[in-house]
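Not measured: the values here are computed from a predicted model. Only this structure's heavy atoms are used, side chains among them; waters, hydrogens and symmetry mates stay out. Residue numbers run from 1 in the order of the sequence given.
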Amino acid sequence: MSMRRLLPAAALAAVVVLSGALSACTTMSGGGGGAGEEQVLRYSPALFPVSLDAHQYPAEEPTQTAVQQVMETLVAMEDGQPVGVLAESFEPVGDNTWVFHLRAGVTFSDGTPLTARDVKASLERGQALKWSLAPLFTAVQQVEATDDRTVTFRTSEPLGTLPSSLSLVFIGPADRVNDPAYWERPIGTGPFLFESFTPDDRVVLRRNDTYWGEKATLDRVEIVSIPETAARITALRTGEVDVLQSIPPDQASEVDGRPDIAYGSGPSFQYYFTWFNSSRPPFDDVRVRQAMWHALDLNAIVGDLFGDSASVAEAPITQDVFGAPALQPYAYDPARAKALLAEAGHPDGLRVSMQWPREGGPNIRALAQAMVSAWAAIGVTVEPLEKERPQWLQDLNAKNFDLNLQTNTTGTGDADFTLARLYVCSANRTGYCNPELDRLLLDARASLDQGERERLYARAAQIIWDDAVGIFPADLRSNYAVRSRVKGFALPVNGRPQFRTVSIDTATGS
């Protein structure tokens, strides 16, 4: 592959490789387990998929984690570099063209050969859905299936981030991706198959024995929904599940230090933020938004709720992401907050609401409550609205909120994924629009000069910060716990584990 380096290796630093455990199902199988035992991994994430439609929900971490076991992308990000998966090679041709050459001999699990038509149809479906990745691909004018193994992307301007953005686009068969029924149990080219999906219960995956690459060892993976953290921890300790992710810091002691469980933490692209709806009063006034931020003692809030599991944010993206500058956090200054509210015409305070998803991140309810209490001290009454995740998503996408608290993950490890996807005017996620910000972000997207891109992102992040488009309280570290028989489980910085490399040491006790 001939191309310039697109991301520095530091952007996706350190994958935490775990050696921990699992209880194996003892039914007889011809699969990859030892001594004829069927190898079954039961994984319980903090969030469960609302759907398997990875084009409809391309930035939803639980959906992405499940679907990436079955469907694949043209490229993946490894150590900050885009590397070929379904694409054998790729290169820019001139300023406004990228060419991707597909790997030979790849088939979907039903035996249908992968072709360039499938790539074209998959990207075009996402664009037709007006998916949340749309701002990443606005410069893509045409996708051509040049021949069965060649895909040509023609852009309106240079697009240095195209390979990293394509690491988020899952490829399905061209003649089926537009059928809603397909997404109830999609097929792909990956190492597993979807056996079943029961909403709010579990996703069951089976090994794909016709996979074109190195076959998985596990016979089956079950992604299990257990909404309450205490119940998830109990299930891990009793062996009902084998892997947990995103354990609240105040409950980590329940699993840390046990001889049959490995616990650890690692770097993360995940962070908390609170968006203001700048499209309606009172948050159309920057002074109100800034006042709300100055009212928060984030050093105390983050320290009390998260300890070593988080740090006060210094940018609208985590410090582990390429392009993240270290900005000066807002000072805790209630007097300044009250003065700003008065200047904005609200000397007697405000009444607004804030929503967040019930299963939305570690200690999310406690974080919401701490913020609501701090705002009350400056005369701002905030009605707390905790919602079920599907309803919360619907309201978020419709901008039906005053304040919205959530976590987000910079899926590619590049600032473009978050800043230029969420904060350009065309994204219209919060009602905030700034042409100067657009220019900086689009210039950074076009450039192949990493130094220039870092400088542009620093300026863009400062605008988002100063204009208080949202409040960015904390960068999160990832954490995990596994039982003692799981081998080869890796937790990448983007928080979306792959299960192909996992196996079970059947000689080890549970």
Side-chain angles (χ1 to χ4, degrees), residues 250 271-307 310-316 327-357 360-387 392 395-396 399-408 422-423 429-432 434 461-476:
D250 60 344
Y271 61 99
Y272 264 114
F273 67 101
T274 301
W275 269 346
F276 298 107
N277 190 340
S278 298
S279 66
R280 62 192 188 195
F283 298 126
D284 57 344
D285 191 320
V286 65
R287 294 169 297 185
V288 176
R289 302 195 301 264
Q290 291 169 340
M292 299 288 278
W293 204 336
H294 279 301
L296 300 177
D297 185 352
L298 290 178
N299 284 321
I301 291 172
V302 173
D304 289 346
L305 294 181
F306 299 100
S311 58
V312 175
E314 298 178 88
L327 306 178
Q328 181 65 41
Y330 272 59
Y332 171 52
D333 191 341
R336 176 65 176 150
K338 290 179 180 180
L340 284 166
L341 287 177
E343 289 175 20
H346 306 285
D348 298 323
L350 294 165
R351 298 188 68 89
V352 294
S353 64
M354 181 171 72
Q355 67 180 36
W356 67 89
N363 285 0
I364 189 168
R365 183 183 297 169
L367 177 58
Q369 291 169 342
M371 296 170 81
V372 168
S373 295
W375 289 324
I378 64 164
V380 177
T381 300
V382 179
E383 179 188 4
L385 299 174
E386 184 176 76
K387 299 183 177 181
W392 169 80
D395 289 340
L396 172 66
K399 292 207 303 295
N400 181 28
F401 63 87
D402 291 334
L403 289 145
N404 185 81
L405 173 65
Q406 62 175 300
T407 59
N408 187 47
L422 299 179
Y423 299 109
R429 301 301 297 274
T430 71
Y432 174 85
N434 186 327
Q462 189 72 64
I463 290 173
I464 294 168
W465 204 253
D466 292 345
D467 283 355
V469 181
I471 294 172
F472 303 89
D475 291 352
L476 297 171

Does [X] reach the side chain of [Y], with side-chain heavy atoms less than 4.5 Å apart?
{"X": "Q369", "Y": "P384", "answer": "no"}
{"X": "W392", "Y": "N404", "answer": "yes"}
{"X": "I471", "Y": "F273", "answer": "no"}
{"X": "V312", "Y": "V302", "answer": "yes"}
{"X": "D395", "Y": "K387", "answer": "yes"}

Assess the residue pair R351 and E383 against the criterion (salt bridge (charged side-chain N to carboxylate O under 4.0 Å, His left out)); give the C-alpha distance rounded to whole Å, side-chain angles, the decisive distance to 0.1 Å, and a yes or no. CA-CA 8 Å; R351 298 188 68 89; E383 179 188 4; over 6 Å; no
Determine, step by step, whether Q355 and L403 satisfy the side chain to side chain contact (heavy atoms under 4.5 Å, CB included) criterion, reporting the C-alpha distance in whole Å, the side-chain angles of both residues, the deciding distance to 0.1 Å, and the verdict. CA-CA 6 Å; Q355 67 180 36; L403 289 145; over 6 Å; no
CA sep, side-chain torsions, deciding dist, call: I463, N434, side chain to side chain contact (heavy atoms under 4.5 Å, CB included): CA-CA 9 Å; I463 290 173; N434 186 327; 3.6 Å; yes
Using the six-membered ring wherever Trp is involved, compare the ring planes of Y272 and F306 and label them parallel, tilted or perpendicular (cut-offs 30° and 60°).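 Because their plane-to-plane angle lies in the 30° to 60° range, the rings of Y272 and F306 count as tilted.
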Quick one: sort the F283 and F276 rings into parallel, tilted or perpendicular, breaks at 30° and 60°.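 Plane angle between 30° and 60°, so tilted.
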Tell me the closest heavy-atom pair linking [X] and [Y], and the distance in Å.
{"X": "V372", "Y": "V382", "value": "CG1-O, 3.6 Å"}
{"X": "W275", "Y": "L422", "value": "CZ2-CD1, 3.9 Å"}
{"X": "T274", "Y": "M354", "value": "CG2-SD, 4.0 Å"}
{"X": "A368", "Y": "L405", "value": "CB-CD2, 3.8 Å"}

Check step by step if side-chain hydrogen bond (donor to acceptor under 3.5 Å, both in side chains) holds for D475 and S311. CA-CA 5 Å; D475 291 352; S311 58; 4.5 Å; no
Answer yes if the side chains of W356 and E386 hold a donor-acceptor pair under 3.5 Å, and no otherwise.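 On atom types as modelled, these side chains qualify, holding a pair under 3.5 Å.
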Taking atom types as modelled, find out whether D284 and S278 have a side-chain donor-acceptor pair closer than 3.5 angstrom.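 No pair is found: no donor N or O on one side chain lies under 3.5 Å from an acceptor on the other.
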Suppose we screen for side chain to side chain contact (heavy atoms under 4.5 Å, CB included). Which residues come up paired with Q462, at least two apart in sequence or across chains?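 Checked Q462 against side chain to side chain contact (heavy atoms under 4.5 Å, CB included); matches are L327, W465, D466.
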Under the salt bridge (charged side-chain N to carboxylate O under 4.0 Å, His left out) rule, what do D467 and R289 come out as? Steps first, then yes or no, please. CA-CA 8 Å; D467 283 355; R289 302 195 301 264; 5.3 Å; no
Reported CG-to-CG distance for the pair L396 and N277, which is rounded to 0.5 angstrom: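 The distance works out to 10.0 Å.
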Separation between CZ of R365 and CG of L305, rounded to the nearest 0.5 Å: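 CG of L305 is found 13.5 Å from CZ of R365.
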Enumerate, atom names and distances included, each donor-acceptor pair closer than 3.5 Å involving a side-chain atom of residues 291-299, sequence neighbours excluded.
{"from": "H294", "atom 1": "ND1", "to": "A331", "atom 2": "O", "distance (Å)": "2.8"}
{"from": "D297", "atom 1": "OD1", "to": "A300", "atom 2": "N", "distance (Å)": "3.4"}

With side chain to side chain contact (heavy atoms under 4.5 Å, CB included) as the criterion, how do T407 and Y271 come out once you've worked through the C-alpha distance, each side chain's angles and the decisive distance to 0.1 Å? CA-CA 5 Å; T407 59; Y271 61 99; over 6 Å; no
Between side-chain atoms of residues 332-348 and protein atoms elsewhere (two or more places apart, or another chain), which donor-acceptor pairs fall under 3.5 Å?
{"from": "D333", "atom 1": "OD1", "to": "A335", "atom 2": "N", "distance (Å)": "3.4"}
{"from": "D333", "atom 1": "OD1", "to": "R336", "atom 2": "N", "distance (Å)": "3.0"}

